[in-house]
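First the structure, in the form of structure tokens, and then the observations on it.
Note: hydrogens, waters and symmetry copies are ignored here, and every other heavy atom, side chains too, is used.
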Amino acid sequence: MKHSFIIASAAFASIALGACSTSKPVDLSALSGKWNIVDVNGEAIKVASAEDAPYVGFDVVNGSISGFAGCNRIMATFNTNLPEGELELSHVASTRMACPDMSTEQRVIDALNSVKGYKQGKEGRIELISSNGKNLITLKKADNDISAADLDGTWKITSLNGVEIKPAENGDAAATVSFDPSARTYSFATGCNNISGQFTSSYTDFSFEAGAATMMACPNMTVEDGVKAVLPQIKSFGQVADGSYAFYNSENDILMIISKV
């Protein structure tokens, strides 16, 4: 009887220890927003400057992520109806720029493709884990999330569909776009006509709703035609390395880049 009690006590102690070491469950909503990637497979991320630091942002309403892997912008989707703690990223993709050092980016993308779940880490961090519970990526909450509020004010249009928009050389005003995030409105000045309307945005998702335009005829309407062509295709946005913002289509191709006036 004494021997049985010892075995039972040891079993109980083992169960209790396991319960104490189990990570606290994390609701999917806790992932919402922007997170800095601080390590991959236990190896700390080291970058030359803050602009090169990789991050990922979760839109837990629409089931999408977007971020930056060290050179290119990254994106993926996920099922929001999986049990708590489970996470599997689909369609992990990136833009196609080449950089001198792609090693950090490749590590990040490889790890994201292996993620099967998430759990609470130390000091409020989140761990993205593999199917066997291995920590693949550690995330630390970023100080500032990306949102449409960042677009407040007037911006120069510097690129449309991959074509650089050069500064006006004949005294004409530069092509610009202004945003009022509180009213969710936009207004383009194309060098000929003005185009204005409303936009919708949730985290990095972004859509320009059909707007109104003035109807002048001008000798050169290239910028205006370019703006009209890309606006219906835009599905998301994000900040690029130099502080400019890029707008993307559903295939994550850059359609428009704007920089602060």
Side-chain angles (χ1 to χ4, degrees), residues 23-24 26-78 80 85 87 89 92-95 97 99 101-113 115 117-129 135-153 155 179 181 201-206 235-248 252 254 257-260:
S23 296
K24 182 181 178 181
V26 184
D27 185 82
L28 183 64
S29 62
L31 300 183
S32 181
K34 180 182 176 183
W35 299 79
N36 293 322
I37 299 174
V38 296
D39 66 51
V40 177
N41 290 316
E43 184 178 346
I45 294 292
K46 297 179 180 179
V47 294
S49 66
E51 289 77 13
D52 298 325
Y55 66 85
V56 63
F58 288 84
D59 179 347
V60 299
V61 175
N62 298 298
S64 65
I65 71 166
S66 61
F68 178 69
C71 175
N72 286 282
R73 183 175 180 268
I74 52 176
M75 61 290 302
T77 59
F78 59 92
T80 60
L87 177 69
L89 304 178
V92 178
S94 68
T95 50
M97 291 193 299
C99 297
D101 184 1
M102 305 283 286
S103 58
T104 295
E105 175 155 316
Q106 195 57 56
R107 288 166 54 209
V108 169
I109 292 175
D110 289 346
L112 288 174
N113 275 308
V115 168
Y118 62 95
K119 65 180 182 179
Q120 185 73 60
K122 297 179 180 178
E123 300 176 346
R125 299 184 179 190
I126 293 291
E127 296 178 4
L128 303 183
I129 59 176
N135 180 17
L136 299 174
I137 295 176
T138 301
L139 303 176
K140 180 181 179 182
K141 192 69 173 179
D143 292 335
N144 297 301
D145 289 345
I146 296 175
S147 75
D150 300 329
L151 300 176
D152 187 37
W155 303 75
F179 294 96
S201 181
S202 173
Y203 189 49
T204 57
D205 289 349
F206 199 100
K235 300 299 180 185
S236 62
F237 81 110
Q239 191 171 30
V240 291
D242 64 355
S244 299
Y245 281 85
F247 292 80
Y248 304 83
N252 300 304
I254 296 178
I257 298 177
I258 61 175
S259 58
K260 199 67 176 177

* State yes or no: are the ring centers of Tyr245 and Trp155 separated by less than 6.0 Å? => yes

* **Ring center gap for Phe247 and Phe206 short of 6.0 angstrom** => yes

* Determine whether the side chains of Asp101 and Ser103 contain a donor N or O and an acceptor N or O closer than 3.5 Å. => yes

* Step-by-step side-chain contact (heavy atoms from CB on, under 4.5 Å) determination, Ile129 to Tyr118 -> CA-CA 5 Å; Ile129 59 176; Tyr118 62 95; 5.7 Å; no

* Say whether Asp59 and Asn62, considering side chains only, have a donor N or O and an acceptor N or O under 3.5 Å apart. => yes

* To do: Go through the steps to decide whether Val115 and Phe78 satisfy the test side-chain contact (heavy atoms from CB on, under 4.5 Å), and finish with yes or no.
  => CA-CA 11 Å; Val115 168; Phe78 59 92; over 6 Å; no

* Asked: Side-chain contact, heavy-atom cut-off 4.5 Å: Ile74 with Phe68?
  -> no

* To do: Taking the side chain as every heavy atom from C-beta outward, state whether Asp39 and Asn135 have any pair of such atoms under 4.5 Å apart.
  => yes

* Heavy atoms only: give me the nearest Val47-Pro54 pair and the separation to one decimal. => CG1-CD, 4.1 Å

* Structure fact -> When every non-hydrogen atom of Gln120 is compared with those of Arg125, the smallest separation belongs to NE2-O, 3.0 Å

* Closest non-hydrogen atom pair, Thr104 against Lys46 -> OG1-O, 4.5 Å

* Asked: Sequence neighbours excluded, which residues qualify as salt bridge (Lys or Arg N to Asp or Glu O under 4.0 Å) partners of Glu127?
  -> Lys119

* To do: Work out which heavy atom in Glu105 is nearest to a heavy atom in Ser94; give both atom names and the distance.
  => OE2-OG, 4.4 Å

* To do: Heavy atoms only: give me the nearest Arg73-Ser66 pair and the separation to one decimal.
  => NH2-CB, 3.7 Å

* To do: Walk me through it: do Leu89 and Ile65 pass the test side-chain contact (heavy atoms from CB on, under 4.5 Å)?
  => CA-CA 9 Å; Leu89 304 178; Ile65 71 166; 3.9 Å; yes

* To do: Run the numbers on Leu128 and Leu112 for side-chain contact (heavy atoms from CB on, under 4.5 Å), then give the verdict.
  => CA-CA 8 Å; Leu128 303 183; Leu112 288 174; 4.3 Å; yes

* Asked: Would you say the side chain of Leu87 lies within less than 4.5 Å of the side chain of Phe58, judging by non-hydrogen atoms?
  -> yes

* To do: Flag the pair Asp152 / Asp150 as yes when at least one side-chain heavy-atom distance between them is below 4.5 Å, and no otherwise.
  => no

* Asked: Any side-chain heavy atom of Thr80 sitting closer than 4.5 Å to one from Val60?
  -> no

* For Met97, does its backbone N or O pair with a side-chain atom of Asn72 as donor and acceptor, under 3.5 Å? -> yes

* Say whether, by atom type as modelled, one donor and one acceptor occur between the side chain of Asp27 and the main chain of Ser29 under 3.5 angstrom. => yes

* Asked: Quick check: does any side chain N or O of Asp205 sit under 3.5 Å from a backbone N or O of Ser201, one acting as donor and the other as acceptor?
  -> no

* Structure fact -> Between Ile45 and the options Asn36, Thr138, Ile37, Asp52, the side-chain contact (heavy atoms from CB on, under 4.5 Å) test singles out Ile37

* Test item: Ile258 and Ser244 side chains (from C-beta on) under 4.5 Å apart, heavy atoms -> no

* With distance as the sole test, does Tyr55 use its side chain to make a donor-acceptor pair with the main-chain N or O of Trp35 at under 3.5 Å? -> no

* Taking Arg107 for its side chain and Glu43 for its backbone only, find out whether a donor-acceptor pair lies under 3.5 Å. => yes

